[in-house]
Structure formats: structure tokens, C-alpha cells
Number of protein chains: 2
Amino acid sequence: MATIYDVAKAAGVSPKTVSRVMNGDAPVNQATREAVERAMATLNYVPSSAARTMRSQRSGLIGMITGAISTTHQFEDAGLPEIYLVQGAQRVIDQSNRTLLIADSGGQAERIPTLLQTFREHRVEGILYVAEYHREVTLPDSLRDLPIVLVNCFDADGTPCILPDDEGGQFALVDGLIRRGHQRIAYLTLPEHQAACSLRVAGYRRAHAHHGIAVDERLVQVGALPSPTHEYDLLWDALDRVLKAEPTVICCANDKMAMRVYGLLRDRGVAIPQQMSVAGYDDYRMIAEHLHPGLTSAELPYAAMGARAADKLLRLINGTPKSGEPSRELVSAPVAWRDSVLTRDGNVTQLNSRRRET
Amino acid sequence: MATIYDVAKAAGVSPKTVSRVMNGDAPVNQATREAVERAMATLNYVPSSAARTMRSQRSGLIGMITGAISTTHQFEDAGLPEIYLVQGAQRVIDQSNRTLLIADSGGQAERIPTLLQTFREHRVEGILYVAEYHREVTLPDSLRDLPIVLVNCFDADGTPCILPDDEGGQFALVDGLIRRGHQRIAYLTLPEHQAACSLRVAGYRRAHAHHGIAVDERLVQVGALPSPTHEYDLLWDALDRVLKAEPTVICCANDKMAMRVYGLLRDRGVAIPQQMSVAGYDDYRMIAEHLHPGLTSAELPYAAMGARAADKLLRLINGTPKSGEPSRELVSAPVAWRDSVLTRDGNVTQLNSRRRET
DNA sequence: CGATGTCATGACATCGGTGTCATGAATGAA
DNA sequence: TTCATTCATGACACCGATGTCATGACATCG
């Protein structure tokens, strides 16, 4: 592998001049520059980031730690759309001429110290700490000395974080339902004590308040997803209870639940959306676009969150936070309206024309 | 940040001895070792991988390039389960005391040269080149000089690769259907010219041949998924044609299509699985486990492929390929049998008991 | 015309580890 | 006892960049 010395010799200049050509940190004669560039091309020269890091004490690496805090999800694949987070963050980080180093703990919390050790050895300049679902976390003390941004999670110490606007998203969805003529809107929540769940329910309630509609509490029920501990029946029962309150639309805590509700409703001979509209949350396109009819869902904006988090972290590293920048930032996203929701126009009901949001 | 010199001074030894304690490459007196370890702990010493890389000419980095070859998938999120690939590969790579460097092109092929340049600057020891779906690729010449393993793709030059056993998986699924009493098995393929599609159809045919059943060609139809170019109707029509041939089960080219088929069948008042069994392919658990009833599907073993690929790459790097190791390796996986498939016992039909495969 | 400044370049040290070789002490074999 | 090994350790150079400082050639200014 060619070094800067080889290039210097081939171009008949000193290594330092080659360095100057690469970094543009001092004027270089045009002819010299061209000679150096030719030599670099001929020798297929690629500078060594190790050497550069050593001398400059800047690694140009950002560490991302994902699946970090799982309580052994043997069943859940909640973290799956994290790939979008990675893409969002990577775009921003590449622009700052840095490289993203990703460590996935695969849900094994005990591996985290090892991964952090690796990050430290590589002298990462900052860390993005990603949770698989919106929740509170407690950071290990060993992280205190590095610039860090939490993504999809927050802690009690006010560490900078980027969160999805679950309350606002659910508000927008339910607001849209009401504007489309729905008055009796059911909500199936999850039993878990997740931040996302309670925020979404809060958004549901605020939308009702906003339109001056009282919430019939029979319309709000706790469902569940299949898991080793609770059986399907929980959702079946919740659906049963909620149907007694005669809703025209059922909002589900997430897309997975909505997918099950499709099946359960149809088992009862209820046509979607003619007899019952359904909405989800997350807008996992793999689900929402491919269900029939297409599922209306509030987007969980992973890509945007990744980008925002990277942006915030870079400012932390550079010591240039915007003045008055809050430590906690919410990321909103539009609702994707699809055919699972019927517009109720007075007594007449009509199908939405099929549309996609970009 | 403490260096090896600081540790050496604190422990009253030479830097080289500290190095020996860390690497265990030469005997060190027990008392000395403990003194050094105390000093490292006190100073919070973390060795610099940059310095180590520079001296030893081994970076300990493996590059993975994903979403590498997309033809701008504005619509597809095919690459989503790649996260499993990452986890599989990372597990193996960590064990070899190396670190995985991931670059995601986000489907923008023009970004690949930049990403490769970054890999080179970091002196990665080898590359995992991941395609989002099983296909043939052509490698840029600039990759020729690095150990490389293709994942989920192959090229014309016989570059080492890891592929899913689509033919075998579909064979196992259809074989299982026949053993469960099905004789008229429909197959909905995709119009795309993907390696996966034709292999799966081949497996379908081989299973029939294996049991001496002739394939009624009306049972094999080309469907499609929603996209900007073809409308839903394509799948509707295909389903229409296939139903005329009176199947007892419909196999779909993948889980997304199966999800749509659930909706389309139910629109026609066909109960799943009582009146029609359905099977998918990929076993995206986000879909297969949460559909109601649970979707029977052949697993696309991403995690295992990631692990196998990493393993193969490490052997390439170490120059210790197993003797007679084929350059192309297929990874098989079991079929996940769920409630969407009815067992037809003579004239009597029965539901599978609900079960999960681990 | 001499002083000063800018341009273009090179010599040299340095970042933090590890490979090589040397050295002295202890141990075992002849 | 003496020579050969093994053990335990240190001195020193080196990996490949870049920061600092020095230098010579011109250009500019008063």
C-alpha cells in the first residue's frame, strides 16, 4: 500500500507538500499540485486514517449503539426499522466528513460495555444511543465524558435527546378522523408501560377535546399483541368490548395491532372500511402499504430522527449548539391517509381516493 | 487521555511491558502484571486502535456495504430486514476481535465509490457486499484487491458468496403442504426477473415432481405488488385466474403478497384457512406473526446468512479456507408452520394447533 | 535601496502503540 | 561447574500522517 512518502518521491516533492495538496491548508504551486495529483493517481494512493487520527487526535468517527437496552426481546422485532434511523444519521454524518461506526447489541445488554470499549479504542468523537422503542433509560456512568445524544429515549438527567412526537402524531390522526366525519372513535392501547402508549392516548384525548367531543370511556380498551406471556385472546376480548360501544373507526396503538384487527374484524364478517374504518401507528410501510385495503397510519419518522440526532450531536461536538436549543427535541411527521379509513360525509359515506404521501 | 507511557510510568515499567500485559504475547511476571493492571485501571487507560493499526498494519475492521446496488427503490423497503444480517455478521466478527464498519448507500448507487474510499482509508481487512434481494451483480474493479464475500447476491466471476436456498425453502414448504394433504397448490409469482422468483417456482415444481403430482399450469400465475408502475389490479386478476383452477392453498412469492392476498380473499368472503390456506415466503416476523391467522412462511435466514458470510470472509482473510470449500454457499432454513395452513386429513380438515418455531 | 510580507517548500519532531534485538537472571542439562 | 535455555524486561526504531518552524525567492512599500 502506497504511503505519502511514496507519493512524495514519485512527485519529486516532500511528504509535507503532498499533505498540503490533500488538505489544502496552505498554498501550493499549480504545477506542483498537478504533479502530486498524478503521482497519487498512479500509485493508487489512499491516505491512512489511522495515521491521520494519531497525529491530529481526531478520529472522525461517530459511534451509534443500537438495540442497546433490550430486556431480551426473544419475540419482538421492534428494532427492525432502525435501519431508517441509520440511513438518516449517516446522511448527515457523511456530510461532515465523518464516518458512522455502528454497534448492535442484538438486545443483549451485557454486551454493551464491550461495544463501548471498542468505541473508545477507536476514539469516537460522540455517541448516538438508540432505543428500540420510545422509553426512559438510565445511562451508564461510563458514558458521561463523551458527547452523546439519545434517540427514541430520554433520561432523568436531561441528556440531549430526540424523540418522536407521539402525542402530536396521534392528535393529527384523530383530528383528521373527526374532520372526516367520525365521532365515535375507538382506541386500542397496549398494556405495556411505554412512553409511546400513554402519549398516543393523550393525543387521542386532546383531539377530542379540541373538537369538543367527550370521550366515551368504553371506546378506550387495552389490547395486546401475541407474545409468550399473553395470548391472542386479549386482543379479541378488547375488540369485543370496544365494538359494544359502536365505533365507526378503530385506532390501534401500532400497525402490528392494526394488522391483527383486520383479521379479527373480518372473522366477524365486518368489511374494512365499509363497515369499520381502521387506523394504525408507525406507518411501517412494509405493513401499511401492503395490507388490503392500505392502512392509514401516523408515521414514526425514524429517518428524520436519525438525521436530527446526528445534527444535534455534531453541534455538541463542535461546541456550537444553537442558542436556546432545547435538550429534548420532538420530531413530527404527517399522517399517511390510505383506504382503511372511510370519509363520512353527513349520512353518505365514501371511499377516499387511493393516495400515497411521499 | 492516558497513553501507554503514562501507564508504564505509573506502574514503574517500560511501555513494552505494558503492551505485553495487554496482548499476552510474552510471559510477564505475576507481580508486574498486577501492577500494570492497577495502573491501567487507575488511569482509565484505553489503548488507541489508531496507533495499534499503524504499527501492526492490521486495522481489525471489516466493512459491510448495504443497500448497495439499488435502482432507486423509491417504493420498496426491501432492505429492511438487513438489520438481521448485520446482527448475524456482527456476532461472528466480534468473536474474532474485529469491528464491523457499516456503510449504507441508502439505495444511491453513486455514493458507493465514496463509501469504498472511506473503507480503504480505514484499511478494512475485507468487505461484505450485501444486496437487498437475491440477484446477480457486477462488482466494480476497484474491489478486486480486497477479500470480499457477496451476500444475497452473486456475480459471473465466481466471487465467493452466500445465498439463501430459495429453491430448497420453497420445496420444503410445498412438500409440507402435500404431506398435509394438499394436492391443488396455487403459486403466485412476481413479474420481476429476480433470481429468488425463478428459484422458488423451481422448488415448487420439484416438490410436485417428488410426489409424482403433475402441475396444473393454471395454478401458477404472475401477480404483482402495489407500485407506481403496476396497480393493485394485477394481483386481483392473478388471484381471479388462479381461483378458477380451484386450489386448496395459495402460495405467495413473499409475505407482502400473502398479506394482500389475505385482504383480497376476504373481500370475496373466503375464510382463511377454513376455505383457503395461504402461505408466504421470507417469514418476516413482523408480518407473519401478527397477521391473523398467523402466516405459514419459509424463512429467509438473514441472520444465519450474515454469520456464514462473516465466517467465510474471516477465513479468506486468514488464508485458511476449508479444503474444498465452494465459492457459492446456500443457507437453508426451516418452514414456520402457522395457522394459515389447514391440514387436510382425508376428507376431514383440521386446524394446526398454534405453534412457533424458535 | 533596505525592510517587510507573502508564497512555496522542506526538515524535523511527534502522535501511541508494537516488532526486533539485547540483556541479565534463574533454571536445567551435561 | 559450565553451557544452553527459558524467563522477564528494556532500549530503540518505526508505522504514516501532520504541526511547527525555517528557509529562499519574489513582490511591495516607504
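Below, chain A is the first sequence line, B the second, and so on; all start at residue 1. Just so it is clear, the structure is predicted and the values come from calculations on it, not from any experiment.
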Side-chain N or O of [X] less than 4.0 angstrom from OP1 or OP2 on [N]?
X       : N      : result
B:Thr3  : C:dG16 : no
B:Tyr5  : C:dT14 : no
B:Arg52 : C:dG16 : no
A:Asn23 : D:dT18 : yes
B:Ser48 : C:dG17 : no
A:Thr17 : C:dG10 : yes
B:Gln57 : C:dT18 : no

NA contact type, [X], heavy-atom cut-off 4.0 Å: base, sugar-phosphate, or nothing?
X       : result
B:Val13 : sugar-phosphate
B:Thr32 : sugar-phosphate
A:Met22 : sugar-phosphate
B:Ser56 : nothing

Complementary nucleotide for D:dC29 - Watson-Crick or wobble, under 3.5 Å
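Check on D:dC29: paired to C:dG2, both distances under 3.5 Å.
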
With a 3.5 angstrom cut-off on both distances, give the Watson-Crick or G-U wobble partner of C:dA22, or none if there isn't one.
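D:dT9 is the nucleotide pairing with C:dA22.
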
Between the side chains of A:His122 and A:Ser59, is a donor N or O closer than 3.5 angstrom to an acceptor N or O?
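Per modelled atom types, A:His122 and A:Ser59 side chains form no pair under 3.5 Å.
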
Between [Y] and [X], is the closest basic N to carboxylate O distance under 4.0 Å?
X        : Y        : result
A:Arg308 : A:Asp311 : no
B:Arg144 : B:Asp157 : yes
A:Asp94  : A:Arg98  : no
A:Arg120 : A:Asp145 : yes

For [X] and [N], what is the distance between atoms [atom1] and [atom2] respectively, to the nearest whole Å?
X        : N      : atom1 : atom2 : value
A:Tyr45  : D:dG16 : OH    : P     : 10 Å
A:Leu43  : D:dA17 : CG    : C1'   : 16 Å
A:Ile4   : C:dT14 : CD1   : C1'   : 15 Å
A:Arg120 : C:dG16 : CZ    : P     : 16 Å
A:Asp25  : C:dT9  : CG    : P     : 13 Å
A:Asn29  : D:dG24 : CG    : C1'   : 15 Å
B:Gln30  : D:dC7  : CD    : C1'   : 14 Å

Between D:dT18, C:dT18, D:dA17, spot the one nearest the side chain of B:Pro15, thanks.
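The answer is C:dT18, which lies nearest to the side chain.
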
Start at the 5' end of DNA chain D and walk down; is the nucleotide closest to B:Met54 or to B:Ala26 reached first?
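On the 5' side of the pair lies B:Ala26.
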
Relative to the 5' end of DNA chain D, which residue comes earlier, B:Gly12 or B:Ala51, by the nucleotide with the nearest heavy atom?
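On the 5' side of the pair lies B:Gly12.
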
Taking donor-acceptor contacts at under 3.5 Å, does the side chain of [X] reach the base of [N]?
X       : N      : value
A:Arg55 : C:dT14 : yes
A:Arg20 : C:dG10 : yes
B:Lys16 : C:dG17 : no

Where A:Ala8 and A:Ser14 come nearest, the two heavy atoms and their spacing:
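For A:Ala8 and A:Ser14, the tightest heavy-atom pair comes out as CB-C, 3.6 Å.
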
